[in-house]
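Here the structure is a predicted model, which is why all the values come from computation and not from measurement. Scope of the values below: all heavy atoms of this structure, side chains included, with no hydrogens, waters or symmetry mates.
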Amino acid sequence: MISFLDLKRVNEPHEVAIRTAVERVIESGWYILGREVDAFEQQFANYCQTKHCIGVANGLDALTLVLKAWDFPIGSEVIIASNAYIASVLSITHAGLTPVLVEPDPRTYLLDTARIEPAITERTRAILPVHLYGRCCDMDPIHTLAQRYKLNVLEDAAQAHGAVYGEKRAGNLGDAAGWSFYPSKNLGALGDAGAITTNDDALANQLRALRNYGSAQKYITDYRGHNSRLDELQAAILAAKLPALNSENSRRRALARMYLAGIRHSDMTLPPGDQIEQDVWHLFVIRHPRRDDLKTYLREQGIGTDIHYPIPPHHQRAYASFAHLSLPISEQIHREVLSLPLNPSMTDEEVAYVIDTINGFSE
Ligand SMILES: *Cc1c(COP(=O)(O)O)cnc(C)c1O
């Protein structure tokens with residue numbers, strides 16, 4: 001059986017480093033916002049080449065806290081791709097803002113930059129590009145529009161640890177970026193964890209307060225903040241795993257190359273292979289008009305898959321007010337996408353088996 005994602009196996013190469021890190025935290029007697037968090041923030045900021053990294057409790061909070069810090073008028077609009085992950089949309093509404101769902105580019109599944117300008121109104125304040133599946137959004141046109149209309153740009157980099165656009169890494173491509181280190185991400189903790197990267201000094205200071213009740217100084221409260229602190233254990237574990245991120249992303253690329261070269265099936269749409277080196281292949285997402293049959297067939301052949309994602313945000317009960325929207329590109333994507341197993345612990349033989357099995361799926 002090839003499982004979609006076996007996290008024990010993914011973390012096995014890090015076991016000694018993780019145990020050492022955990023031991024160090026236990027011994028320190030300090031468990032929240034301390035030396036380990038400071039050290040990881042420094043290392044991750046260096047990795048992203050940003051001035052600041054602020055560790056927070058999870059990816060949803062990372063995005064929400066930035067949008068709250070920007071303090072736009074209630075009901076201001078934020079432009080986001082209509083096939084984004086639900087957490088990206090939740091961050092907008094948690095901050096009292098209105099998501100404006102824009103159809104993605106059906107080739108890349110990313111924000112379609114040609115559709116941004118028609119969606120801008122006088123209430124638009126920000127664009128939220130989600131680097132979905134590990135590939136960066138096309139940021140140059142986004143920045144051109146952001147400058148022209150004075151909009152902020154918040155990257156959702158939760159699937160893009162190490163991804164590159166031009167000369168820069170994800171996390172350094174906007175005014176701020178939200179990160180998740182949920183265990184299944186390319187850089188994953190052993191629990192919940194998140195961060196924000198930014199080059200904005202004032203924003204960084206504000207976020208350091210906002211994650212800790214709104215206090216920059218103990219018992220002095222400047223903002224109505226949250227409790228969204230990164231703990232020392234998760235920070236130490238992330239710091240232990242970060243040095244291997246590039247080599248693990250390289251392994252993901254090698255596996256993606258095998259899939260791209262090996263899968264031959266007329267009805268199958270493969271992910272774009274034009275940016276293999278810049279993409280970090282968080283997910284390898286194919287499309288098939290009979291997706292559910294293909295998923296069942298693969299399961300019968302011992303291959304686990306997943307769907308990212310089965311229901312578009314505008315069809316979720318939580319967003320019933322968007323139910324009237326017609327977003328045919330998104331709706332088709334959600335009907336057809338299927339994520340194949342792809343993670344650094346997979347062997348060539350396993351990938352070859354997945355390829356052969358897919359190629360044997362009868363039309
Ligand atoms: C995982 C993820 C999030 C949310 O992160 P959590 O840590 O689970 O809150 C947000 N956006 C995207 C694109 C994600 O993949």
Side-chain angles (χ1 to χ4, degrees), residues 52 54 56-103 111 115-130 137 142-143 145-158 174-180 194-198 200-216 220-229 312-327 330:
H52 306 282
I54 301 99
V56 295
N58 55 63
L60 172 57
D61 280 3
L63 298 166
T64 305
L65 291 179
V66 172
L67 291 171
K68 284 202 168 184
W70 282 338
D71 205 18
F72 300 133
I74 297 293
S76 295
E77 293 171 355
V78 179
I79 293 176
I80 185 167
S82 49
N83 63 323
Y85 185 41
I86 198 66
S88 324
V89 179
L90 286 168
S91 72
I92 298 172
T93 50
H94 284 354
L97 308 172
T98 303
V100 174
L101 304 173
V102 169
E103 289 264 61
L111 195 55
R115 293 176 188 265
I116 296 174
E117 194 162 22
I120 293 174
T121 73
E122 65 212 11
R123 296 208 305 201
T124 310
R125 290 292 178 278
I127 305 173
L128 206 165
V130 181
C137 295
I142 291 174
H143 284 301
L145 290 169
Q147 267 169 359
R148 187 178 308 152
Y149 293 96
K150 297 194 175 10
L151 308 176
N152 289 11
V153 177
L154 171 58
E155 294 173 77
D156 181 340
D175 296 297
W179 295 93
S180 168
I196 298 139
T197 49
T198 182
D200 182 332
D201 299 337
L203 178 66
N205 283 336
Q206 198 181 342
L207 288 166
R208 285 183 193 287
L210 276 177
R211 72 175 171 186
N212 191 24
Y213 311 136
S215 304
I220 311 284
T221 306
D222 298 322
Y223 311 97
R224 295 176 191 178
H226 291 233
N227 174 351
S228 183
R229 300 175 294 229
H314 69 288
H315 286 169
Q316 297 286 359
R317 204 171 305 146
Y319 288 110
S321 57
F322 294 140
H324 67 284
L325 295 175
S326 169
L327 298 162
S330 262

Would you sort out whether Ser88 and Asp156 count as a side-chain hydrogen bond (donor to acceptor under 3.5 Å, both in side chains), showing the intermediate values? CA-CA 7 Å; Ser88 324; Asp156 181 340; 2.7 Å; yes

With Ser91 via side-chain hydrogen bond (donor to acceptor under 3.5 Å, both in side chains) - residues at least two apart: none

According to side-chain hydrogen bond (donor to acceptor under 3.5 Å, both in side chains), who are the partners of Arg148, at least two apart in sequence or on a separate chain?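 For Arg148, the residues satisfying side-chain hydrogen bond (donor to acceptor under 3.5 Å, both in side chains) (neighbours in sequence not counted) are Glu117.
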
Least distance between heavy atoms, [X] atom then [Y] atom:
| X | Y | result |
| --- | --- | --- |
| Pro312 | Ser82 | CB-O, 4.5 Å |
| Leu111 | Ala81 | CD1-N, 3.6 Å |
| Ala62 | Gly178 | CB-CA, 3.9 Å |
| Ile142 | Pro129 | CD1-CB, 4.0 Å |

Would you check if [X] and [Y] make a side-chain contact, meaning some heavy-atom pair closer than 4.5 Å?
| X | Y | result |
| --- | --- | --- |
| Thr197 | His52 | no |
| Leu154 | Leu63 | yes |
| Val100 | Thr124 | no |
| Tyr213 | Asn227 | yes |
| Phe322 | Pro99 | yes |
| Asp175 | Thr198 | no |

Test of understanding: with side-chain contact (heavy atoms from CB on, under 4.5 Å), list the residues that count as partners of [X], not counting sequence neighbours.
| X | result |
| --- | --- |
| Ala318 | none |
| Ser180 | Ala158, Tyr182, Lys185 |
| Thr221 | Ser215 |

Distance check, rounded to the nearest 0.5 Å: [X] atom [atom1] versus [Y] atom [atom2]?
| X | Y | atom1 | atom2 | answer |
| --- | --- | --- | --- | --- |
| Ile196 | Ser228 | CD1 | OG | 7.5 Å |
| Leu97 | Ile92 | CG | CD1 | 7.5 Å |
| Leu207 | Tyr223 | CG | OH | 9.0 Å |

Distance-only check: which donor-acceptor pairs under 3.5 Å involve side-chain atoms of residues 65-76, not counting sequence neighbours?
residue: Lys68; atom: NZ; partner: His226; partner atom: NE2; Å: 3.1
residue: Ser76; atom: OG; partner: Pro73; partner atom: O; Å: 2.6

Looking at Leu325, Asn83, Ile79, which hits side-chain contact (heavy atoms from CB on, under 4.5 Å) with Leu101?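 Between Leu101 and the candidates, side-chain contact (heavy atoms from CB on, under 4.5 Å) is satisfied uniquely by Leu325.
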
Worked verdict on Val102 versus Ile80 for side-chain contact (heavy atoms from CB on, under 4.5 Å): CA-CA 6 Å; Val102 169; Ile80 185 167; over 6 Å; no

Selection residues 92-102 - residue pairs positive for side chain to side chain donor-acceptor pair (under 3.5 Å), sequence neighbours left out: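 The answer is Thr93-Tyr319.
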
Show every side chain to side chain donor-acceptor pair (under 3.5 Å) that has at least one partner inside residues 202-212, sequence neighbours left out.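 The answer is Glu41-Arg208, Glu41-Arg211, Asn212-Arg229.
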
Run the side-chain contact (heavy atoms from CB on, under 4.5 Å) check on Leu151 and Val78 step by step: do they pass? CA-CA 9 Å; Leu151 308 176; Val78 179; over 6 Å; no

Pairs touching residues 75-92 that satisfy salt bridge (charged side-chain N to carboxylate O under 4.0 Å, His left out), sequence neighbours left out: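 Of all non-adjacent pairs touching residues 75-92, those that pass salt bridge (charged side-chain N to carboxylate O under 4.0 Å, His left out) are Glu77-Arg123.
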
Donor-acceptor pair, side chain of Glu155 and main chain of Val130, under 3.5 angstrom: no

